[in-house]
Amino acid sequence: AQSVTQPDIHITVSEGASLELRCNYSYGATPYLFWYVQSPGQGLQLLLKYFSGDTLVQGIKGFEAEFKRSQSSFNLRKPSVHWSDAAEYFCAVGATGTASKLTFGTGTRLQVTL
Amino acid sequence: EAQVTQNPRYLITVTGKKLTVTCSQNMNHEYMSWYRQDPGLGLRQIYYSMNVEVTDKGDVPEGYKVSRKEKRNFPLILESPSPNQTSLYFCASSTRDRGGYGYTFGSGTRLTVV
């Protein structure tokens, strides 16, 4: 069975600082990997996704993520954080062949200080 | 506008009173899914559907039922709600096409069972 671990429950960064949110997955083959963002009181919005090919994936809002098979990781990065990035971020893994079953991590809440 | 629509947004009910949360998508997506979100637990999949009349259990299906009689609709049924089903529920849909894979989420239904 697939699983996702987001080791950081809560992270605080200053506006303008760089950001890295960690995600580790467990799956026997090459997974489908996703990052979603949830603003307070809102649904989830897809930031970026990885299927295959280039391991560095660009997403919306200036985010990027890098797939590292050797480390079973898919960390999310942003070079310069804006106050509007404060939200909860979820990493998710989907199994190849059963694309409808998407497993989420427990989320990382990002706080941005001015 | 392409979207997943859930109703109602908020619902307070009493233990044992059957309820249905509706979900509809206008994107002709094959895959649909229900998740519940609880603090510290992230999103957990309740049921998913790969197409009309094809449904399967997710990670936490107990106490829930679904049906997929039409491609656009995927209602969630709680036949005898209990307080431990108090949660935030999300419906999501996705195309099965590889390039578009990744769920689009509705705005959520906050359910309180007293």
Side-chain angles (χ1 to χ4, degrees), chain A residues 1-10 21-26 30-54 57 59-60 63 65 74 87-109, chain B residues 2-7 9-10 23 25 27 29-52 54-61 66 68 71 74 88-110:
Chain A
Q2 67 229 45
S3 66
V4 176
T5 301
Q6 293 181 248
D8 303 306
I9 297 173
H10 184 238
L21 301 182
R22 296 184 291 165
C23 171
N24 293 99
Y25 70 89
S26 174
T30 299
Y32 294 163
L33 293 163
F34 307 82
W35 275 99
Y36 284 84
V37 61
Q38 184 181 30
S39 297
Q42 303 296 314
L44 282 84
Q45 181 182 22
L46 181 65
L47 283 176
L48 47 79
K49 57 191 176 187
Y50 170 79
F51 293 158
S52 65
D54 192 348
V57 179
I60 62 172
F63 286 92
F74 188 57
E88 189 150 24
Y89 291 80
F90 293 93
C91 182
V93 61
T96 52
T98 54
S100 53
K101 182 162 177 56
L102 198 61
T103 300
F104 284 80
T106 52
T108 297
R109 181 165 296 280
Chain B
Q3 60 185 359
V4 177
T5 303
Q6 297 177 228
N7 281 296
R9 289 293 306 276
Y10 301 92
C23 174
Q25 51 95 2
M27 295 168 281
H29 284 168
E30 293 82 7
Y31 294 150
M32 296 188 74
S33 184
W34 278 102
Y35 286 85
R36 62 177 289 174
Q37 184 178 18
D38 302 290
L41 298 178
L43 285 92
R44 294 177 293 168
Q45 196 171 38
I46 303 171
Y47 270 95
Y48 60 96
S49 169
M50 299 178 76
N51 216 324
V52 176
V54 182
T55 63
D56 206 349
K57 296 177 180 178
D59 298 316
V60 289
V66 293
R68 188 92 181 272
K71 196 172 186 179
F74 191 46
L88 179 59
Y89 292 86
F90 288 101
C91 180
S93 73
S94 170
T95 177
R96 66 183 176 192
D97 294 336
R98 190 167 180 270
Y101 182 75
Y103 276 120
T104 298
F105 281 81
S107 299
T109 296
R110 186 166 292 282

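Note on naming: letters A, B, ... go to the chains in the order of the sequence lines (proteins, then strands), and numbering restarts at 1 for each one. Remember, predicted model here, so these are calculated numbers, not experimental data.
- Tested against A:Tyr36 for a ring pair (Phe, Tyr, Trp, His ring centres under 6.0 Å), the candidates B:Phe105, B:Phe90, B:Tyr35 yield a single pass: B:Phe105.
- Pairs engaging residues 38-48 of chain B under the salt bridge (charged side-chain N to carboxylate O under 4.0 Å, His left out) rule: B:Arg36-B:Asp38, B:Asp38-B:Arg44 [sequence neighbours left out].
- Within the structure, no pair that satisfies the salt bridge (charged side-chain N to carboxylate O under 4.0 Å, His left out) test touches residues 33-47 of chain A, not counting sequence neighbours.
- Here B:Leu43 is the residue among B:Asp59, B:Leu88, B:Thr104, B:Leu43 with the most heavy-atom pairs under 4.5 Å with chain A.
- Heavy atoms closer than 4.5 Å to chain B are found in the side chain of A:Gln38, but not in its backbone.
- Atom CD1 of A:Ile60 sits in a crowded spot, with more than 12 heavy atoms from other residues, nucleotides or ligands closer than 6.0 Å.
- Using a 4.5 Å cut-off between heavy atoms, B:Gln37 touches chain A through its side chain atoms alone.
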